[in-house]
2 protein chains.
Amino acid sequence: MTTLGFALLGLLAREPLSGYDLAQQLKKPVGFFWHARHSQIYPELALLEAEGLVTHRVIDQTDRPDKKLYEITGQGRQVVGDWVTSPLPVPAVRDELVLRAYCVWLADRGRARAMFEEQARIHADSLAHYEAIKAWFEAEHHEQIRDITSPHFAGYAAVMRGVGYEREYTEWCRWVVTMLAAE
Amino acid sequence: MTTLGFALLGLLAREPLSGYDLAQQLKKPVGFFWHARHSQIYPELALLEAEGLVTHRVIDQTDRPDKKLYEITGQGRQVVGDWVTSPLPVPAVRDELVLRAYCVWLADRGRARAMFEEQARIHADSLAHYEAIKAWFEAEHHEQIRDITSPHFAGYAAVMRGVGYEREYTEWCRWVVTMLAAE
DNA sequence: TCTCACATGTAACTAGTTACATGATTGC
DNA sequence: GCAATCATGTAACTAGTTACATGTGAGA
């Protein structure tokens, strides 16, 4: 089982979806912590089905192409649940912007400043986006986000991380900008 | 040019190193934002040399195996400097722990709590590590860390990100733990 | 007419990981 | 004798990206 497989099972545990739907979900912002293209999703769904973790049925549609609606099986639910608490290998962080910061002493000051300003903007926008989703969770699911057996709690937890991550990232970018702008 | 190539050039711009040294550097904590195994580094160095961005000379050693010491060329320096401010593609975040949080409603509560407690510990340790390096920079290079043309400024900037990242990560893990522990 | 959203797939390639392979010296 | 550090490489595999491929219906 690959991590993508678990990501798909995690989404299908909430509601039945087609491969196309899954690809949409694995775009921002739900998929800020994991994402994939349809070219990776379709073969992965076939593998999940071969292992009995999902099933599909074809939905005939007149106004648009037919689709395969995937549903998680009881076994699939079990497998995701077990995976969540299984030993986690040390996470591999790769961040090209931090790598660029590490090399910024070799770059043109003005251009570097402009780049970090733009990155600050991008992460501030992303932060605003997550904060809006957080506010929506608090307004629409204020009960469920405290219930750890609810998917809304889990979604809220992920969004909380998104907020914290982007807030910190934005602050760091701005700090770099002030350093590059000094004097 | 791959990102790894730029990472290697960024290290070689500071001092000449062997492939083995580079592999050591690309381990924690310098390499918290980028890392690679020696199996990827050796071929990449050969490519960099073929492009005229680095050169090497063999250092004969009696007490240990001979090594190839790589040095960055003027062209190499130019190439890294330009890359730093070149357009940055949207960063692809992949975080398995957040994905697991998104699926935590399907898991056993006690086991999930234990896992997030352990992750909180790991990130708190990592934070302490970065904070020590930050303090070392401030004590040993208090002048250079304000000079944006100094590699120490760039190193300090990267470490600042490490501190912020791990601080936020630790806080989030602890928040998840308190949620899982409630009642 | 053309583009966009819906819908599903395969093929070719790239980056990165794991495993294989070798060999010297130092310290337990 | 055995493990660890230093030192350099290759081979096989996996995950993920980009590009190729096809086709419908709605709306500008």
Side-chain angles (χ1 to χ4, degrees), chain A residues 1-9 11-12 16-28 31-50 54 56-70 83 88-96 99, chain B residues 1-9 12 16-27 31-50 54 56-70 83 88-96 99:
Chain A
M1 279 288 303
T2 65
T3 308
L4 174 63
F6 292 115
L8 300 181
L9 289 177
L11 287 164
L12 293 174
L17 294 165
S18 67
Y20 185 87
D21 297 331
L22 285 162
Q24 300 308 110
Q25 296 271 320
L26 287 179
K27 284 179 186 164
K28 286 207 168 192
F32 100 90
F33 47 87
W34 213 269
H35 40 91
R37 310 294 165 107
H38 74 271
S39 59
Q40 207 186 351
I41 293 168
Y42 290 118
E44 189 68 38
L45 281 169
L47 291 174
L48 292 176
E49 190 154 44
V54 300
H56 86 268
R57 64 203 150 96
V58 176
I59 306 289
D60 294 312
Q61 297 183 122
T62 47
D63 55 331
R64 43 183 76 172
D66 296 351
K67 65 173 173 180
K68 293 183 180 178
L69 199 66
Y70 285 87
W83 163 75
L88 181 69
V90 204
V93 180
R94 274 203 176 87
D95 190 318
E96 191 173 324
L99 182 61
Chain B
M1 278 290 302
T2 65
T3 308
L4 175 63
F6 293 116
L8 300 180
L9 289 177
L12 292 173
L17 294 165
S18 68
Y20 185 85
D21 296 331
L22 285 162
Q24 300 306 111
Q25 296 268 321
L26 287 179
K27 284 179 187 164
F32 101 92
F33 46 87
W34 211 268
H35 41 92
R37 310 294 164 104
H38 74 272
S39 59
Q40 207 187 351
I41 293 168
Y42 290 119
E44 188 69 38
L45 281 169
L47 291 174
L48 291 175
E49 190 154 41
V54 300
H56 87 268
R57 64 204 150 96
V58 176
I59 306 289
D60 294 311
Q61 295 182 123
T62 49
D63 54 332
R64 44 183 74 171
D66 297 350
K67 66 174 174 180
K68 294 183 179 176
L69 199 67
Y70 285 86
W83 162 75
L88 181 68
V90 204
V93 180
R94 271 201 178 89
D95 191 317
E96 190 173 324
L99 181 60

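Numbered from 1 within each chain, the chains take letters A, B, ... in sequence-line order.
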Can you find a heavy atom in the side chain of [X] that is under 4.5 Å from one in the side chain of [Y]?
X       : Y       : result
B:Leu8  : B:Val54 : no
B:Leu69 : B:Val58 : no
A:Arg57 : A:Lys68 : no

Would you say [X] places a side-chain N or O within less than 4.0 Å of OP1 or OP2 belonging to [N]?
X       : N      : answer
A:Gln40 : D:dA15 : no
A:Tyr20 : C:dC6  : yes
B:Arg94 : C:dA15 : no
B:Arg37 : C:dG16 : no

Of all the choices, [options], which nucleotide is nearest to the side chain of [X] once you look at every atom?
X       : options              : value
A:Tyr42 : C:dA19, C:dT8, C:dC6 : C:dT8
B:Pro65 : C:dC6, D:dT8, D:dC6  : D:dC6
B:Gln61 : D:dT10, D:dA7, D:dG9 : D:dA7
A:Asp21 : C:dA7, D:dA15, C:dC6 : C:dA7

d([atom1], [X]; [atom2], [N]) in whole Å:
X       : N      : atom1 : atom2 : result
B:Glu96 : D:dA15 : CD    : P     : 12 Å
A:Glu44 : D:dT14 : CD    : P     : 13 Å
B:Leu47 : D:dT10 : CG    : P     : 11 Å
A:His38 : D:dG23 : NE2   : C1'   : 13 Å
B:Leu17 : D:dA7  : CG    : C1'   : 14 Å
A:Lys67 : C:dA7  : NZ    : P     : 5 Å
A:Leu45 : C:dT10 : CG    : C1'   : 15 Å
A:Asp66 : D:dG25 : CG    : C1'   : 13 Å

Using heavy atoms to find the nearest nucleotide of DNA chain C for A:Leu69 and B:Ser39 separately, return the residue whose nucleotide is more 5′. A:Leu69

For A:Ser39, give me all partners under side-chain hydrogen bond (donor to acceptor under 3.5 Å, both in side chains), at least two apart in sequence or on another chain.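 Per chain and number, A:Ser39 pairs via side-chain hydrogen bond (donor to acceptor under 3.5 Å, both in side chains) with no residue.
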
If you find the nucleotide of DNA chain D closest to B:Lys68 and the one closest to A:Met1, which residue's nucleotide is nearer the 5' end?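 Of the two residues, B:Lys68 wins.
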
With heavy atoms under 4.0 Å as the rule, sort A:Ser18 into base, sugar-phosphate or nothing.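 Sugar-phosphate contact only.
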
Measuring from atom OG of B:Ser18 to atom CG of B:Leu45, what distance do you get when rounded to the nearest 0.5 angstrom?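 The distance works out to 9.0 Å.
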
